[in-house]
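These notes concern the structure reproduced below.
Computed from a prediction, not measured in an experiment: that's the story for all the values here.
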Amino acid sequence: MRLRYVLKKAFPLPYSRILRKNLPEYARMPTDLQMQLKRRIRQFLFQKTFVGCGGVEITDEIRVTIAGKACMLLLNRPSDVYPKLTHILVYPSAFVAPRQQMLSGGVVTHTNQGLSGESWSDGRVILAWDQVLQGGHNAMHGQDVVMHEFAHQLDSETGQTNGAPLLSSAAAYRAWSQVMEKEYEALLQAIQHHHHTVIDPYGATNPAEFFAVSTEAFFKKSKELAQHHPALYEQLRSFYQVEPRDWV
């Protein structure tokens, strides 16, 4: 009942200003998608808890910007608003995460890795605020840390983070697997031969990262992705149910 009450309220004008400032795509979306996005954002803000880390004070700009980017992945789809997600932790800039690796012979090494974002299966997403802003204001690189980490959240809704989100049928999974495996191998080959790639080379890490960086490219470099990787673009368009080339 409380959620229904929240969703009936008018979208605050300051929130709309934030979207126009930090989400370049928003102003070019058709009105129906803008309305959908606002509704998703209201639900996201109602259900999720934001936590400031490293001295960050959570503001409306932080909350609305992150919610807006995350909810762009949910438009036109009968999807819950990241049902397993409970908390978004926001650092001012790149944060350090401990890493443990098992080497041959049973030797365990401990290192620290600087990150701009991280998605966990325990209900948390961690983001660096300066990188969140960079994704909105510097679209030429086709990177967006919020879309990347929330693509991982979609991926994990199946119970595994393996590069295959929830799809509608067995046939859809077969088509997805054929295209994604082919495109993933093509990216590995392109990197090996030092070729320029539309898709971020980080996608060659594993299939889960390939899905995440492909999602970034779909929304941020849609025309280039459609031109150079039409089969991949069509799979992502079928999944996300939007046509971001119309927003460029």
Side-chain angles (χ1 to χ4, degrees), residues 69 73 94-121 125-128 131-132 134-135 138-158 160-167 171-240 244-245 248:
K69 290 171 175 284
L73 276 58
F95 52 92
V96 176
R99 288 290 183 264
Q100 180 175 300
Q101 183 178 6
M102 177 76 73
L103 303 178
S104 59
V107 177
V108 178
T109 63
H110 299 271
T111 60
N112 291 323
Q113 182 179 4
L115 299 171
S116 59
E118 196 166 38
S119 174
W120 289 70
S121 59
V125 165
I126 310 173
L127 298 165
Q131 297 302 305
V132 172
Q134 184 178 4
N138 191 8
M140 64 178 292
H141 293 115
Q143 296 175 336
D144 191 293
V145 66
V146 180
M147 291 183 174
H148 184 104
E149 301 307 334
F150 278 88
H152 283 316
Q153 285 289 308
L154 294 177
D155 191 358
S156 67
E157 287 180 1
T158 61
Q160 303 180 69
T161 306
N162 58 7
L166 282 172
L167 300 175
Y173 275 108
R174 286 193 295 271
W176 180 276
S177 178
Q178 291 173 0
V179 171
M180 289 296 181
E181 287 181 8
K182 182 178 180 180
E183 293 285 350
Y184 180 66
E185 290 299 324
L187 179 61
L188 295 177
Q189 291 295 320
I191 293 172
Q192 183 178 349
H193 293 92
H194 307 288
H195 294 163
H196 170 74
T197 60
V198 176
I199 302 167
D200 190 325
Y202 186 63
T205 304
N206 56 51
E209 296 298 346
F210 181 78
F211 170 57
V213 300
S214 296
T215 294
E216 292 179 83
F218 177 73
F219 284 98
K220 309 300 288 189
K221 300 171 73 174
S222 55
K223 289 188 175 181
E224 294 92 331
L225 188 69
Q227 178 182 353
H228 297 284
H229 302 273
L232 174 60
Y233 187 88
E234 180 56 30
Q235 280 296 314
L236 293 169
R237 191 205 60 75
S238 178
F239 174 67
Y240 284 115
R245 285 178 292 184
V248 176

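Contact detail for Thr197 and Leu187: the closest heavy-atom pair is CG2-CD1, 3.8 Å. Contact record, Ala164 with Thr158: O-CG2, 3.5 Å, taken as the closest heavy-atom pair. When every heavy atom of Tyr233 is checked against every heavy atom of Ser222, the shortest pair comes out as CE1-O, 3.4 Å. A pairwise comparison of heavy atoms in Ala204 and Leu188 identifies CB-CD2, 3.4 Å as the closest pair. The shortest non-hydrogen separation linking Ala94 to Ala128 is N-CB, 3.8 Å. Contact record, Ser214 with Leu225: O-CD2, 4.2 Å, taken as the closest heavy-atom pair.
In this structure, CZ on Phe210 lies 4.0 Å from CD1 on Ile199, to the nearest 0.5 angstrom. Here the CG-CD distance, from Leu236 to Glu183, works out to 9.5 Å after rounding to the nearest 0.5 Å. Considering CZ of Phe150 and CG of Asp144, their distance stands at 10.5 Å, rounded to 0.5 Å. Between the CD atom of Gln131 and the CD atom of Gln143 there is a distance of 8.5 Å, given to the nearest 0.5 Å. Atom CZ in Phe239 sits 7.5 Å away from atom CG in Leu166 (nearest 0.5 Å). Taking CG of Asp155 as the reference point, atom OG of Ser121 lies at 11.5 Å (rounded to 0.5 Å).
Residues Tyr202 and Glu216 have side chains not in contact (no heavy-atom distance under 4.5 Å, counting atoms from C-beta outward). Using a 4.5 Å heavy-atom threshold, the side chains of His148 and Thr215 count as separate. Residues Tyr184 and Met180 are not in side-chain contact: their nearest non-hydrogen atoms beyond the backbone lie 4.5 Å or more apart. Residues Asn162 and Pro207 have side chains not in contact (no heavy-atom distance under 4.5 Å, counting atoms from C-beta outward).
Within the 3.5 Å criterion, the main-chain N or O of Ile126 finds no donor-acceptor partner in the side chain of Glu118. A distance-only check finds no donor-acceptor pair linking the side chain of Ser238 to the backbone of Gln235 [under 3.5 Å]. Side-chain N or O atoms of Tyr173 include one that pairs as donor or acceptor with a backbone N or O of Leu167 at under 3.5 Å. One N or O on the side chain of Lys221 and one on the backbone of Val198 form a donor-acceptor pair closer than 3.5 Å.
Just one of Arg237, Met147, Arg245 meets the side chain to side chain contact (heavy atoms under 4.5 Å, CB included) condition when paired with Phe218; it is Arg237.
With hydrogens and angles left out, the side-chain atoms of Glu209 and His152 include a donor and acceptor closer than 3.5 Å.
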